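Lettering follows sequence order; numbering is per chain, from 1. Since this is a predicted model, take the numbers as computed values, not measurements.
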Amino acid sequence: MSDAIRVDGLLDLKATLQSGQAFRWSRDGEWYEGVIFGNLVRLRRTPEGVEFTSFPEPEDAFKDRLADYLGLSDDLDAIYRSIGVDEHVKAAIERYPGMRILRQEPWECVVSFICSAWSNVRRVSTTVESLSAKFGEPIATNGTMRSAFPTPEQLAATDEQAMRLLGLGFRAKYIPASAKLVAEGRVNLLALREAPFEEALDAVMSLPGIGDKVANCIMLFSLVQRSAFPVDLWIRRVLSDMYLGEAGQKMSVPKVRVWAQEYFGPYAGYANHYLFHDWRNAGKRS
DNA sequence: TTCCAGGTCCGGC
DNA sequence: GCCGGACCTGGA
């Protein structure tokens with residue numbers, strides 16, 4: 001049986017689920033299939049909102065967590081008014097109205113973005129699926145076979161060599177090391193949702209394999225820190241082209257980030273993701 | 001074959 | 001603090 005979530009504001013499922021912030025969603029016609037909170041989830045947009053199925057948890061028990069995951073409580077109108085004062089962001093918003101920032105599970109987000117270092121979206125997706133299949137709890141259905149994302153404890157029990165066998169390369173040693181710190185409670189990820197930006201940044205960056213860029217991805221996509229601003233190669237180029245000029249290429253990552261946070265304001269992270277997604281799709285438009 | 005992909009870490013000024 | 005180089009792997 002399926003259930004439904006009513007959506008009053010804008011929601012673009014494709015742009016939200018397949019814009020490089022999450023890595024386990026695939027599209028099959030109008031349906032999207034993924035694994036979140038240990039459940040196999042299928043969902044599609046309807047005129048009234050979102051129709052979905054979940055397994056193994058019954059839909060009525062899963063509904064609220066899915067709505068929260070999709071970021072439906074974010075006030076997009078207010079966010080657009082805030083960041084839309086920038087003409088480039090405004091143009092991107094007009095091309096992808098309803099793209100939302102998700103509220104992912106922090107641990108999965110940590111590992112996914114450690115894997116993303118000097119890599120690409122497709123390869124990260126492959127790696128995340130391999131990690132789940134090998135170390136996560138299987139979700140037995142009569143259809144496709146998928147697994148929950150492995151817990152910190154499950155990954156803390158692995159080692160660098162096991163990670164290298166999955167093709168993680170130089171990122172291999174960071175996963176078990178970070179898993180141990182989280183499993184031991186040295187870093188309480190969920191608690192950082194309530195922490196001030198700088199405090200959360202320091203805590204996330206204390207995990208091995210996580211620098212300023214990856215930490216900001218984790219904070220933006222899973223810790224509900226909407227002012228977080230990941231500065232990657234491409235965002236640096238975009239900002240240099242638009243505002244910073246030649247100097248932008250020479251500024252350190254934290255300096256570019258702080259500039260962007262002051263310029264775009266409390267929803268800088270939303271501005272970042274719109275610019276990033278718009279840039280990624282620029283080639284497909286022209 | 002050569003080059004590059006959503007960086008991080010380490011050692012030297 | 002800032003700067004340069006090394007680092008795994010897979011696809012074009």
Side-chain angles (χ1 to χ4, degrees), chain A residues 15-25 92 96 99 101-102 104 108-131 134 158-179 181 187 198 201-223 225 228-242 244 246-261 268-284:
Chain A
T16 298
L17 298 175
Q18 303 197 303
S19 54
Q21 50 176 326
F23 299 92
R24 300 196 71 187
W25 291 98
Y96 303 100
M99 180 172 72
I101 306 271
L102 298 167
Q104 300 181 236
E108 177 176 340
C109 206
V110 162
V111 177
S112 299
F113 281 93
I114 286 177
C115 293
S116 78
W118 204 241
S119 188
N120 55 71
V121 173
R122 199 166 89 203
R123 190 174 160 200
V124 176
S125 299
T126 304
T127 305
V128 169
E129 280 310 310
S130 302
L131 277 172
K134 186 138 179 72
T158 67
D159 59 18
E160 176 179 353
Q161 192 51 36
M163 294 294 113
R164 280 189 182 267
L165 288 175
L166 293 183
L168 270 89
F170 61 80
R171 311 157 194 82
K173 58 176 176 281
Y174 301 136
I175 309 272
S178 287
L181 290 173
V187 176
E198 294 293 341
L201 181 66
D202 287 346
V204 175
M205 282 185 63
S206 73
L207 296 173
I210 300 183
D212 195 284
K213 188 272 172 183
V214 166
N216 275 270
C217 285
I218 294 161
M219 294 169 71
L220 179 57
F221 300 137
S222 75
L223 299 182
Q225 299 268 355
F229 194 95
V231 176
D232 60 48
L233 184 69
W234 299 106
I235 282 292
R236 177 191 291 279
R237 284 182 191 167
V238 168
L239 293 183
S240 296
D241 276 359
M242 294 172 175
L244 301 173
E246 197 66 21
Q249 297 290 355
K250 296 173 183 171
M251 288 164 67
S252 67
V253 167
K255 281 190 171 163
V256 175
R257 169 173 61 74
V258 169
W259 178 87
Q261 289 177 308
Y270 256 95
N272 179 293
H273 201 58
Y274 273 90
L275 290 176
F276 178 74
H277 187 60
D278 197 37
W279 169 82
R280 282 223 312 163
N281 287 98
K284 299 171 191 169

For a 4.5 angstrom cut-off between non-hydrogen side-chain atoms, does [X] reach [Y]?
X: V187(A); Y: V204(A); answer: no
X: Q225(A); Y: I218(A); answer: no
X: I175(A); Y: T158(A); answer: no

For [X] and [Y], which heavy atoms make the closest approach, and how far apart are they?
X: R236(A); Y: K250(A); value: NH1-N, 4.4 Å
X: H273(A); Y: F221(A); value: ND1-CZ, 3.8 Å
X: I114(A); Y: Y174(A); value: CG2-CB, 3.9 Å

* **Nucleotide interval of DNA chain C bounded by contacts with chain A (heavy-atom cut-off, under 4.0 Å)** =>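 Nucleotide range with atoms under 4.0 Å of chain A: dC2(C) to dG11(C).
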
* **Base-contact (B) and sugar-phosphate-only (S) positions in nucleotides 7-13 of chain B, heavy-atom cut-off under 4.0 Å, - elsewhere** => BSS----

Under 3.5 Å, is there a donor-acceptor pair between the side chain of [X] and the main chain of [Y]?
X: R257(A); Y: D212(A); result: no
X: S116(A); Y: F113(A); result: yes
X: Y270(A); Y: I101(A); result: yes
X: R123(A); Y: N120(A); result: no

Looking across every strand, which nucleic acid part, if any, lies under 4.0 Å from [X] by heavy atom: base, sugar-phosphate, or nothing?
X: K173(A); result: nothing
X: S112(A); result: nothing
X: E160(A); result: nothing
X: R171(A); result: base

* Asked: How would DNA chain C look in dot-bracket form, 5' to 3', counting Watson-Crick and G-U wobble pairs with both distances under 3.5 Å and writing | for bases paired to another strand?
  -> |||||||.||||

* Which whole number of Å gives the distance between the P atom of dG11(B) and that of dC8(C)? ->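 Straight-line distance between the two P atoms is 15 Å.
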
* **Between dA5(B) and dC3(C) - C1' atom distance, rounded Å** =>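 These two C1' atoms come out 22 Å apart once rounded.
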
* To do: Walk me through it: do F276(A) and F229(A) pass the test ring pair (Phe, Tyr, Trp, His ring centres under 6.0 Å)?
  => CA-CA 11 Å; F276(A) 178 74; F229(A) 194 95; over 10 Å; no

